[in-house]
Amino acid sequence: MEIEPTRDMPPQYDPAATEQRWYRAWLERGLFQSEPDPSKEPFCIVLPPPNVTGALHIGHALGHTLMDSLTRRARMQGFEALWLPGTDHAGIATQVVVERELAREGVDRREMGREAFLERVWQWKEQYGDRIVVQMQGLGNSCDWDRLRFTMDEGLSRAVRVAFVRMYDDGLIYRGERIINWCPKDRTALSDSEVEHEEVDGELVTFRYALSDGSGFVDVATTRVETMLGDTGIAVHPSDERYSALVGKTVTHPFDGRELPIVADDAVDPSFATGAVKVTPAHDPNDFEIAERTGLPRLNILNADATVADTAPEEFRGLDRYEARARVAERLRALGWVVEEERPYRHSVGHCYRCHSEIEPWLSGKQWFVAVERLKGPAIEASEDGRIRFHPPRWQNAYLEWLRGLRDWNISRQLWWGHRIPVWYCPNGHEFAATEDPTECRECGTADLEQDPDVLDTWFSSQLWPYSTLGWPEETPDLDFFYPTTVLVTGYEILYLWVARMIMSGLYLVGDVPFRNVLIHGLVRDAAGRKMSKSLGNVIDPLDMIGQYGADALRFALARMAGPEQQNLPLSKEGIEAARNFANKIWNASRQVFGSYRAGGGAPELPAGEERTLSERWLLSRHQACLQEVDSALDGYRFDEAAQTLHRFFWSELCDWGLEAEKQRRSNGSPDERHRASLVLAWVLERTLRLLHPVMPFVTEEVWQRFGAGDSIMVAPWPEGHDEHVDAEAEAAFGFVRDLVTNVRQIRGIVGGGEFRLVVADGLAAELEPLREAVERLSGATLSPIVDTEPEGRFVRLSVRGREARLQVPDGFDPGPALAARRKRLEETRSKLEGSEWKLAKDDFVARAAPEAVDKERRKREDLTAEAAVLVDQIALLESLSGSP
RNA sequence: GGGCGCGUAGCUCAGCGGGAGAGCGCUCGCCUCACACGCGAGAGGUCGAUGGUUCAAAUCCAUCCGCGCCCACCA
């Protein structure tokens, strides 16, 4: 009887018709929601909040796939699993986007004023801020959307103010006048972590200052000649004999006649260039410090937009910094004071991580800083004593080194969009921080208060994310239950910017680490290993891919690459296509099972052990191995291994052998018999679907529902181990069958007409009898016990795992291909055998190698010898069949 | 200038002390009653180079070559 095609399952899986339906169902049933439940263990991941301005890119897709897989598995394992989503207000990024929009309307934000501008940004946020949320849902993310947070929510804003005030009152936040990283395009200060250093081709210009007393010159070198307009001194190393006589003298500035003292300072490297440094305290961090120590004055010669300020000689005023660079060089040349040709010079220059402009070290009045000295220690300890574990562990060193070298963090930004610094000033010179808007000065009672105009670095609010989203500073049940969170999943690019700061602030403000594990995943690249970028045109858009191949396919393609050691994850359309094919395979294998299995009656149950066939016992045993490998892989965040194990088991074992072995049995007999013959397969399929669900949520749910085994696979329990299914005997016995079949297939080569007959000894024939149909179907040869007389001339001898069989071939059989393959294999076998014999003949090996190694080598020699003999035999027989010598 | 990582089949990578592996691609044959998004059978590698340790090295050590990344206030 034929297997009836399952009526409601078309031959191709259609993700588009499936995914949204299930996502809505999950949402409606509230399956993503999580509340503290003392009867369960907590599991919590906070989503690294994407920028509200952002669209879902492939990097998000990777991180989200990993987080969703972890969360879904934890949920199935019985944890109270919370994946907490949210978005980041992303100070500069968002402000720039809205400014650009305004520019198209011909409006400058400064014209509209702070309040109107902020209103406009909020409007923008209301309109577009949810876009990325919708995109995340398309990926299948099982976030608790009822808890969606935004870094500028009322609650989180309060958390920011409370954190600031607490640190301010504790002396950890201070205001100071120090040189900072200034982005002239965004017109704001940046922290050190927001500056990206890049090698740039520039020029090293060496020029001279004349000594004021006319006794000579001092030569200095610089890559930014324009800064000489702000020079206030010359520094040399104290023990540099070339210059020791000059210390204390002055040089005269060529353009404005200022006298610049020559000072001595240890920071000068006598071996670099001329050994004398022009000191520009307002435009170089080193020079700033030299000036601090030696008392040189500061002279700021740049405006906020990096044009030359009025403090410089008139002829340079208003010039852009690059124009000024050229003009100053030109004027020096005109003076004959450029002593060397300007030399091409490759050096490292800081760039803004947002707009990529060159950063200008600048002295821009007072800025707010976080003093990191007291925060570092606990953060270092937490990692060293294992309270936080990095995956892969090598990131711990990077983290520790960064912390040890960390300097105070500039947190004030000269922007409007963001958390305004909660500090107020009164005309009497008082300054204080408050969590709520004050009405009068705390010290003198005056109502004439002015709030600091700056806002906080975006990362100041995101560093609070793991606990502010759980209700901090209130002592909420959420915070109590879910904090510290389980694992933070992120790329390495924000390890310092974000991860390290969460750890420092969490320890300081909450008193415990924010997460127990940090999973640093690699970077998705194109198939050629290049970074994806718009300019290269090699960007893979996750939304496109979901549309074309389905979310499951994209997720599987990403997960199969993502191990903690994998730094580069090359993704290609072909890879996603292969994953799509896998989803289709799952679908079709299920169709096949449901062709005989009577679905709908709940989770499949296994028949009693003695009723199981050999291939069923084999499949159950292999399934246990699969389960174990998947568990251990996922416990170690080795998604690549888990995905590959599932792929191999499902495709190469379950489908290629488990499903095929008893096709006949499942298509013969009464519906009842066919159902019984499908029980083991259905059982294994149902469980394998559960193992696949965290990575491929949609297709697994769509198929799993047909079992009628529960509300949703999302809340079905994670499969438990069944040690009693591990069956070495069945694995060996069925392994023999597989080898036998493969041997026949190899000899048979091309499926031609005529009858192939597999002739075996009586004992083996009896053993294979229960598998007769499977063997015949899979090998394409009929099985028969040995007959009294030798089979007629046309046969090939087989030896499988030391057991003999003969394959009788039909008249028209062309032994050519098989013959060629066997000859090649014989050659290989002989060369291996030679190697093995040489090894065993060597006294050193037998005497010094481990006894097991020698035994193994002896067995290997025997196997190879036998194999070679069989091959010689086969070749002779095949030759006689073809009539060639 | 420090630190980390990588060079294995055409491509992307696994293996990390004892018989060279996977996926994709390629070749050949098959529309075999779940799936051509499929089935079966194959081809393809001096494991970057040199030297060392070892009975034994893709695997450990050293040096070199090539590539990538992170950190850094050398004008």
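Below, chains carry the letters A, B, ... as their sequence lines are ordered, and counting in each starts from 1. Predicted model, so just to flag it, every value in this text is computed and none were measured.
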Checklist entry - With distance as the sole test, does A/H647 use its side chain to make a donor-acceptor pair with the main-chain N or O of A/F582 at under 3.5 Å? => result no
Checklist entry - Do any side-chain nitrogens or oxygens of A/K585 fall under 4.0 Å of OP1 or OP2 in B/C39? => result yes
Next on the checklist: Please determine whether a side-chain nitrogen or oxygen atom of A/K842 lies at a distance below 4.0 Å from atom OP1 or OP2 of B/U54.
Outcome noted: no
Item to check | N/O donor-acceptor pair under 3.5 Å between A/R801 side chain and A/L740 backbone | outcome: no
Checklist entry - What is the per-nucleotide protein-contact pattern of nucleotides 17-24 of chain B, from the 5' end, where B denotes a base atom under 4.0 Å from a protein heavy atom, S denotes such proximity for sugar-phosphate atoms only, and - denotes neither? => result -BB-----
Item to check | Whether A/T274 side chain and A/D219 backbone form a donor-acceptor pair below 3.5 Å | outcome: yes
Item to check | C1' atoms of B/C11 and B/C55, separation to the nearest Å | outcome: 38 Å
Checklist entry - Judged by atom type as modelled, is there a donor-acceptor pair below 3.5 Å linking the side chain of A/Q396 to the main-chain atoms of A/P393? => result no
Checklist entry - At under 4.0 Å between heavy atoms, what does A/L659 touch on the DNA or RNA strands: base, sugar-phosphate, or nothing? => result base
Checklist entry - With no hydrogens and no angle check, is any side-chain donor or acceptor of A/H351 less than 3.5 Å from a backbone partner on A/V349? => result yes
Checklist outcome for this item: Output field dot_bracket for RNA chain B (Watson-Crick or G-U, both distances under 3.5 Å, | for other-strand pairs) contains ((((((((.[[[[.)..(..]]]].(((((.......))))).....[[[[[..)....]]]]])))))))....
Next on the checklist: Please classify the nucleic acid contact of A/D656 as base, sugar-phosphate, or nothing, using heavy-atom distances under 4.0 Å.
Outcome noted: sugar-phosphate
Item to check | Sidechain-backbone polar pair: A/R706 side chain, A/E702 backbone, donor-acceptor under 3.5 Å | outcome: yes
Checklist outcome for this item: The residue, A/C655 or A/R825, whose nearest nucleotide of RNA chain B is more 5′ is A/C655
Next on the checklist: As a quick check of understanding, evaluate salt bridge (charged side-chain N to carboxylate O under 4.0 Å, His left out) for A/E292 and A/R298, giving each step before the final call.
Outcome noted: CA-CA 9 Å; A/E292 287 280 272; A/R298 303 163 186 172; 2.8 Å; yes
Checklist entry - Which letters describe nucleotides 67-75 of chain B, given B = protein heavy atom under 4.0 Å from base, S = only from sugar-phosphate, - = neither? => result ---SSBBBB
Next on the checklist: Would the base of B/C37 count as contacting A/R580 through its side chain, where contact means a donor and an acceptor less than 3.5 Å apart?
Outcome noted: yes
Checklist entry - Is A/E660 touching bases, backbone alone, or none of the nucleic acid, heavy atoms closer than 4.0 Å? => result base
Item to check | Distance between C1' atoms of B/A43 and B/U53 (Å, rounded) | outcome: 38 Å
Checklist entry - Taking the six-membered ring for Trp, are the ring centroids of A/W395 and A/F390 within less than 6.0 Å of each other? => result no
Next on the checklist: Less than 4.0 angstrom from a charged side-chain N to a carboxylate O is my criterion; do A/E360 and A/R224 meet it?
Outcome noted: yes
Checklist entry - In whole Å, what separates the P atom of B/G48 from that of B/A9? => result 8 Å
Item to check | Span that lies between the C1' atom of B/C39 and that of B/G44, in whole angstrom | outcome: 22 Å
Checklist outcome for this item: Among the nucleotides B/A43, B/C35, B/G42, whichever has the atom closest to the side chain of A/Q746 is B/G42
Next on the checklist: Tell me which one of A/K824, A/R830, A/R825 satisfies side-chain hydrogen bond (donor to acceptor under 3.5 Å, both in side chains) with A/E828.
Outcome noted: A/K824
Item to check | Check: A/L497 main-chain N/O paired with A/R501 side-chain donor or acceptor under 3.5 Å | outcome: yes
